[in-house]
Amino acid sequence: QVQLVESGGGLVQAGGSLRLSCAASGRTFSNSGMGWFRQVPGKPREFVAAINWSGGLTHYADSLKGRFVISRDNAKNTVYLQMSNLKPEDTAVYYCAASTSPFSRGLNASYRYWGQGTQVTVSS
């Protein structure tokens, strides 16, 4: 079992930045691929970014490349999402998830463990 707790969400003006954190406990974090996802009410959850177990491989949704950066610190059991040049359309609840695979691109069934989400609101 893995427990994930996101933090760092909030209200920011367009063009601003936020860094989300996801603290993990339980199952061996350092062996797991991790991902960030987001969801707007009434819309499907969408993939944002993924990182492999070591932090050496990353993958992003095409529309977010260049603005979002995923990273991890296995010593702290934490994964991060640095978001820059935020836009109102980035407003969503952001979730982190742990995969049963060392690296997992996209939204798929390997992401078995999910946090409760953190709200990000970008004002225009």
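In what follows, residues are counted from 1 in the order of the sequence shown.
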Open item on the list: Going by the rule ring pair (Phe, Tyr, Trp, His ring centres under 6.0 Å), which residues pair with Y94 if we only count those two or more places apart in sequence or in a different chain?
Closed with: none
Task: Co-membership, hydrophobic cluster, residues V93 and L107, 4.5 Å side-chain - done: yes
TODO: Could I get the full list of side-chain contact (heavy atoms from CB on, under 4.5 Å) partners for S84, not counting sequence neighbours?
DONE: S17, Q82
Task: E46: side-chain contact (heavy atoms from CB on, under 4.5 Å) partners, not counting sequence neighbours - done: R38
Open item on the list: With a 6.0 Å cut-off (strictly less than), is the heavy-atom count around NZ of K65, excluding the residue itself, greater than 12?
Closed with: yes
Task: Which residues share a salt bridge (Lys or Arg N to Asp or Glu O under 4.0 Å) with E89, sequence neighbours left out - done: none
- [ ] Apply salt bridge (Lys or Arg N to Asp or Glu O under 4.0 Å) to R67 and list each qualifying residue two or more places apart in sequence or on a separate chain.
- [x] D90
Donor-acceptor contacts, no H, no angles, side chain residues 48-61, under 3.5 Å, sequence neighbours left out:
from, atom 1, to, atom 2, distance (Å)
N52, OD1, G55, N, 3.0
N52, OD1, G56, N, 2.9
N52, OD1, L57, N, 2.9
N52, ND2, S54, OG, 3.3
S54, OG, G56, N, 3.2
Y60, OH, I70, N, 2.9

Open item on the list: Measuring centre to centre across the rings, with the benzene-like ring taken for any Trp, is F37 within less than 6.0 Å of Y95?
Closed with: no
- [ ] Verify, without hydrogens or angle tests, whether Y111 (side chain) and G33 (backbone) share a donor-acceptor contact under 3.5 angstrom.
- [x] no
Task: Whether S104 side chain and S101 backbone form a donor-acceptor pair below 3.5 Å - done: no
Open item on the list: I'd like to check S32 versus S99 (side-chain heavy atoms, cut-off strictly below 4.5 Å). Are they in contact?
Closed with: no
Open item on the list: Is any side-chain heavy atom of E6 closer than 4.5 Å to one of W36?
Closed with: yes
TODO: Check the pair L20, V120 against side chain to side chain contact (heavy atoms under 4.5 Å, CB included), reporting the backbone distance first and the verdict last.
DONE: CA-CA 9 Å; L20 305 183; V120 171; 4.0 Å; yes
- [ ] Begin with the C-alpha distance, continue with both residues' side-chain angles, and end with the deciding distance and a verdict on side chain to side chain contact (heavy atoms under 4.5 Å, CB included) for S71 and V79.
- [x] CA-CA 6 Å; S71 62; V79 64; over 6 Å; no
Inter-residue atom distance [X].[atom1] - [Y].[atom2], 0.5 Å rounding:
X: T121; Y: Q13; atom1: OG1; atom2: CD; answer: 13.0 Å
X: S63; Y: F47; atom1: OG; atom2: CZ; answer: 10.0 Å
X: M83; Y: N85; atom1: CE; atom2: CG; answer: 12.0 Å
X: R72; Y: L81; atom1: CZ; atom2: CG; answer: 13.5 Å
X: F29; Y: N77; atom1: CZ; atom2: CG; answer: 6.0 Å
X: T78; Y: L4; atom1: OG1; atom2: CG; answer: 10.5 Å

Open item on the list: Please find the pair of heavy atoms, one from L18 and one from G8, that lie closest to each other, and give the distance.
Closed with: CD2-O, 3.8 Å
